[in-house]
Student: 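Just dropping this structure here.
Letters A, B, ... are given to chains in the order of the sequence lines, protein chains preceding strands, and every chain is numbered from 1. All values reported here derive from a predicted model rather than from experimental measurement.
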Amino acid sequence: MSSTSPLASAPAPHRDFIRDLVAADAASNRYGREIATRFPPEPNGFPHLGHVKSICLNFGIRDEFGGRCNLRFDDTNPFTEDIKYVEAFKRDVRWLGFEWDAELYTSDYFGRLYEIAEHLVMDGKAYVDSQTEDEIRERRGTVTTTGTASPFRDRAVDENLSLLRRMRAGDFDDGAHVLRASIDMAHPNMVMRDPLLLRIRRASHYRQGDAWCLYPLYDFAHGLSDAIEGITHSLCTLEFKDNRDVYEWLVRAAGFVRPPEQTEFARLELDYTMLSKRKLLRLVNEGFVSGWDDPRMPTIAGMRRRGVTPEALRKFCDVIGVARKPARTELATFEHAVRDDLNMRVPRVMCVLRPLKVVITNFPEGEVEWHEASSYPRDVPLTGSRTIPFSRELYIERDDFMEAPPSKFYRLAPGREVRLRYGYFVTCSDVVKDASGNVVEVHCTYDPATRGGDAPDGRKVSGTIHWVSARHALECELRLYDRLFTVPNPDDVPDGLDFVSVLNPESLVTVRNAQIEPSVAKDAPGSRYQFERTGYFVSDATDSKPGALVFNRTVTLRDSWAKIKDK
RNA sequence: UGCCCCUUCGUCCAAUGGCAGGACAGCGGCCUUUGGAGCCGCGAAUCUUGGUUCGAAUCCAAGAGGGGCAACCA
């Protein structure tokens, strides 16, 4: 995609081995049809960051090559799937900014799949196995020993067909028989040792109801579904590598010409983050988080509530790329993508997280000044401003005052002059302490000539701090989120422990008496901000109400003071 | 004691037989009404051994290391 337009929009995604492969296939018209991909989630949980990578890849290729991309729910397991997950996927794919060319369900292919099964039987390529589950496992062999044939492997075609039809008709109990592909019980690839195709399950399917008692397994359903839809490039993660042999065997045995081909890429692994649906489900079910949309969850719903934007997610996926090497990405890479996006689009406001009262002793009691404050710094090409009240009593951040400051501390201290952002220069004249010696109030004098924050005499201050007017500020609740786990790889914990043991007890710190400038009072829930000097925040879409504002911290700002302080 | 995949800066990704490059992170500096952002600079890698070649990160061989596979899950 070259662009000579001066109005060129989003930069082209980085190249990767899959895009190169698709480009070559498109150039040679290898499949004789348009490039077609699909995003094929199983609706048994909420979409998470791992799905985002797959969504960006599959839809991104569609957009780049002008083909199509289906959203297909791989709903072959009636025990785990639910319509609420289908809805979550649809909502979240759209939220990411992608629209599918068709919404499809593997379960809608059950009839077609059954027909293919009959044909495989008639061709002698599949048989009904009547062993128990344990016997089947037993005879599959191990990675170092070959398997042995089922005693039912050589059943006559007619008998297989009749059995299969009776399975379909519901004549047998669950588990009495299965349909298996007749491939090779001694195959070095375990997956090729006569994979199971259909199993009997008396279960109500969230979409098909009780129409079927025969359910296809992944290996049977996936490749054939791709082939039925005319997919050209079937992209999946590395753990399906071995299944590719079955995929190819099946689409050929079923007679598809120029069938789709599977290509595997490494799944996303992110430090301090859990991306296993099964384990995320446990966090939800056992109450470690408030739900799938808990802002600490790496689900799209959670990240959205946290304040992350779709653009940031797409940028992140572009930056991490797509490769065949299993890889773990540092959290900093993700946080950079989030900050980088938010920096250019959200207004700044002032909010004091942990208030310390400041009295401006030479400012008249009862008087209020309204100061104009730009909503964006000079290097963000957006305009907008609000007015903020200044009065005799203010709150500043407790961390912005030190009675005995170390050498690199640029903020307020006894005798020190600092700038109150968009306010005045103030100088600390006095400190009020409680009985146990804690600073409870700071007294300052202000220089009226520095209104707005500029000194006419050109003198400089070393620090600028944020503040709010005590009388006008709105008390609000802040939810300070941090990484959910204390170790980079929560999947890799010492023997005898599991990932729950490395949950971060401080992943959520709630601050109830933060003070925010009044300009945000009427903003819609879900509004995003940068709280100057502290981080990016979003008002909680469900819990924030006028008069009872709640903000979620999306991500902190980079904090170079923290590094200095730690030395 | 099998089959398959993988191995490039701390991390992620490029380089498709021809000058190992980008991003994040780190470090130093500049600038700054956010200790934010931005700008400039620095350090930082081809797993090993052998082979092919004028030339190898790239091709070949062997080894080492990492990962996947033995659900009627996907």
Student: A:R411 has a side chain; which of B:rA25, B:rU34, B:rG35 sits nearest to it?
Tutor: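 The answer is B:rG35, which lies nearest to the side chain.
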Student: Between B:rG35, B:rG26, B:rA74, which one does the side chain of A:Y410 approach most closely?
Tutor: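 Nucleotide nearest to A:Y410's side chain: B:rG35.
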Student: Give me the distance, rounded to whole Å, that separates B:rG63 from B:rU7 when you measure between the C1' atoms they each carry.
Tutor: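 Rounded to whole Å, the distance is 14 Å.
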Student: Looking only at N and O atoms, is any donor in the side chain of A:R378 or the base of B:rG36 less than 3.5 Å from an acceptor on the other one?
Tutor: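 Yes.
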Student: Compute the centroid of each ring, for A:F537 and then for A:F551, and state whether the two points are separated by less than 6.0 Å.
Tutor: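 No, the ring centres sit 6.0 Å or more apart.
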Student: Between A:R207 and A:D108, is there a side-chain N and carboxylate O pair less than 4.0 Å apart?
Tutor: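 The answer is yes: the pair qualifies as a salt bridge.
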Student: Atom CG of A:D559 to atom P of B:rA25: distance rounded to whole Å?
Tutor: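 It works out to 14 Å between those atoms.
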Student: Quick test of your reading of the model: are A:D129 and A:R153 salt-bridged, counting only N-O distances below 4.0 Å?
Tutor: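 Looking at A:R153 together with A:D129, the answer is no, because their closest N to O distance does not fall below 4.0 Å.
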Student: Counting only side-chain heavy atoms from C-beta out, which of B:rA70, B:rU7, B:rG35 sits nearest to A:R140?
Tutor: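 Looking only at side-chain atoms, A:R140 lies closest to B:rA70.
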Student: What's the CG-P distance between A:D340 and B:rA37, to the nearest Å?
Tutor: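 Distance, rounded to whole Å: 10 Å.
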Student: Given the C1' atoms of B:rU46 and B:rC6, what is the spacing between them in whole Å?
Tutor: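 Straight-line distance between the two C1' atoms is 15 Å.
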Student: So, does the side chain of A:E330 form a donor-acceptor pair with the base of B:rG10 at under 3.5 Å?
Tutor: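 Result: at least one qualifying N/O pair found.
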Student: Regarding A:D454, tell me which of base, sugar-phosphate or nothing describes its non-hydrogen contacts under 4.0 Å with the strands shown.
Tutor: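 Touches a base.
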Student: Between A:H14 and B:rC13, does any side-chain N or O lie under 4.0 Å from OP1 or OP2?
Tutor: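 Looking at the OP1 and OP2 atoms of B:rC13, neither is under 4.0 Å from any side-chain N or O of A:H14.
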Student: Between B:rU16 and B:rA71, how many Å separate the two P atoms, rounded to a whole number?
Tutor: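 B:rU16 and B:rA71 have their P atoms separated by 42 Å.
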Student: Just by distance, with hydrogens left out, do A:E269 and A:N489 show a side-chain donor and acceptor under 3.5 Å apart?
Tutor: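 No, no side-chain donor-acceptor pair sits under 3.5 Å.
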Student: What is the separation between atom CG on A:N243 and atom C1' on B:rA74, rounded to the nearest whole Å?
Tutor: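 Distance check: A:N243 CG to B:rA74 C1' gives 9 Å.
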Student: What nucleotide among B:rC13, B:rG35, B:rC69 has an atom nearest to a side-chain atom of A:V191?
Tutor: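 Given the options B:rC13, B:rG35, B:rC69, the side chain of A:V191 is closest to B:rC69.
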Student: Which whole number of Å gives the distance between the C1' atom of B:rC31 and that of B:rA64?
Tutor: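 Pairwise C1' distance, B:rC31 against B:rA64, rounds to 50 Å.
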Student: B:rC24, B:rG26, B:rU34: which one has an atom nearest the side-chain heavy atoms of A:T333?
Tutor: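 Selected nucleotide: B:rC24.
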Student: For the C1' atoms, the ones on B:rG67 and on B:rC30, what distance do you get once it is rounded to whole angstrom?
Tutor: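 About 46 Å, rounded to a whole number of Å.
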Student: Examine A:Y424 together with A:H371 and report whether their ring centres are nearer than 6.0 Å.
Tutor: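 Yes, the ring centres sit under 6.0 Å apart.
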Student: By the 4.0 Å heavy-atom rule, please label A:T145 as base, sugar-phosphate, or nothing.
Tutor: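 Answer is nothing: A:T145 stays at 4.0 Å or more from every strand.
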Student: Assuming nearest nucleotide by heavy-atom distance, tell me which of A:Y536 and A:G453 is located more 5' along RNA chain B.
Tutor: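 With A:Y536 and A:G453 compared, the 5'-side residue is A:G453.
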Student: Could you tell me the separation between the OH atom of A:Y422 and the P atom of B:rU34, rounded to a whole number of Å?
Tutor: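 Atom OH in A:Y422 sits about 8 Å away from atom P in B:rU34.
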Student: When the nearest nucleotide of RNA chain B is assigned to A:R421 and to A:R324 on a heavy-atom basis, which residue is associated with the more 5' position?
Tutor: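 Per heavy-atom nearest nucleotide, the more 5' residue is A:R324.
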Student: Identify which nucleotide among B:rG35, B:rA71, B:rG2 has an atom closest to any side-chain atom of A:R137, counting heavy atoms from C-beta outward.
Tutor: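 The answer is B:rA71.
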Student: For B:rC24 versus B:rA45, give the span between their C1' atoms, rounded off to a whole number of Å.
Tutor: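 Straight-line distance between the two C1' atoms is 16 Å.
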Student: Of the candidate nucleotides B:rA71, B:rC4, B:rG36, which contains the atom at the shortest distance from the side chain of A:D242?
Tutor: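 Side chain of A:D242 sits closest to B:rC4.
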Student: A:I320 near the nucleic acid: base, sugar-phosphate alone, or nothing, with a heavy-atom cut-off under 4.0 Å?
Tutor: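 Sugar-phosphate, no base atom in range.
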Student: Closest approach to the side chain of A:Q530, judged atom by atom: which nucleotide of B:rU7, B:rU34, B:rC72 is it?
Tutor: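 Looking only at heavy atoms from C-beta outward on A:Q530, the closest nucleotide is B:rU34.
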Student: Taking B:rA25 as the reference, what is the distance to B:rG36 when you measure between their P atoms (whole Å, please)?
Tutor: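 Each nucleotide's P atom is 12 Å from the other's.
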Student: Whole-Å distance between B:rG68 P and A:R328 CZ?
Tutor: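 After rounding, the reported distance stands at 12 Å.
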Student: Taking atom C1' in both B:rG50 and B:rG10, compute the distance separating them and give it to the nearest angstrom.
Tutor: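 Pairwise C1' distance, B:rG50 against B:rG10, rounds to 31 Å.
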Student: Take A:L198 and A:V178 through the test side chain to side chain contact (heavy atoms under 4.5 Å, CB included) and record every step on the way to the result.
Tutor: CA-CA 6 Å; A:L198 291 169; A:V178 292; over 6 Å; no
Student: Decide, yes or no, whether a salt bridge links A:E229 with A:R72 under the criterion of side-chain N to carboxylate O below 4.0 Å.
Tutor: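 Result for this pair is yes, salt bridge flagged.
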Student: Between A:R180 (CZ) and B:rA71 (C1'), how many Å, whole number?
Tutor: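 Rounded to the whole Å, the gap is 13 Å.
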Student: With respect to the side chain of A:A327, which nucleotide from B:rC13, B:rG67, B:rA74 is positioned closest?
Tutor: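 My answer, after comparing the listed nucleotides, is B:rC13.
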Student: Give A:R348 one of three labels, base, sugar-phosphate or nothing, depending on what nucleic acid heavy atoms sit under 4.0 Å from its own.
Tutor: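 A:R348: base contact, heavy atoms under 4.0 Å.
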Student: Mind listing the closest non-hydrogen atom pair of A:F220 and A:L113 along with its distance?
Tutor: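 So the minimum-distance heavy-atom pair works out to CZ-O, 3.3 Å.
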Student: Using nucleotides 14-17 of chain B, report all nitrogen or oxygen pairs with the protein that are shorter than 3.5 Å.
Tutor:
unit_1: B:rA14; atom_1: OP1; unit_2: A:V322; atom_2: O; d: 3.3
unit_1: B:rU16; atom_1: O4; unit_2: A:D20; atom_2: OD2; d: 2.2

Student: Looking at every heavy atom in both A:K279 and A:D491, which two are closest together, and how far apart are they?
Tutor: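 In this case the closest contact between A:K279 and A:D491 is NZ-OD1, 2.6 Å.
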Student: Contact class for A:K408 vs. all strands (heavy atom < 4.0 Å): base, sugar-phosphate, or nothing?
Tutor: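 Base contact.
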Student: Between B:rG38, B:rC73, B:rG35, spot the one nearest the side chain of A:S560, thanks.
Tutor: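 From the listed options, B:rG35 comes nearest.
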Student: Taking the basic N atoms (NZ, or NE/NH1/NH2) and the acidic carboxylate oxygens, is any pair closer than 4.0 Å for A:D184 and A:R193?
Tutor: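 Between A:R193 and A:D184 there is no salt bridge, as every charged N stays at least 4.0 Å from the carboxylate O atoms.
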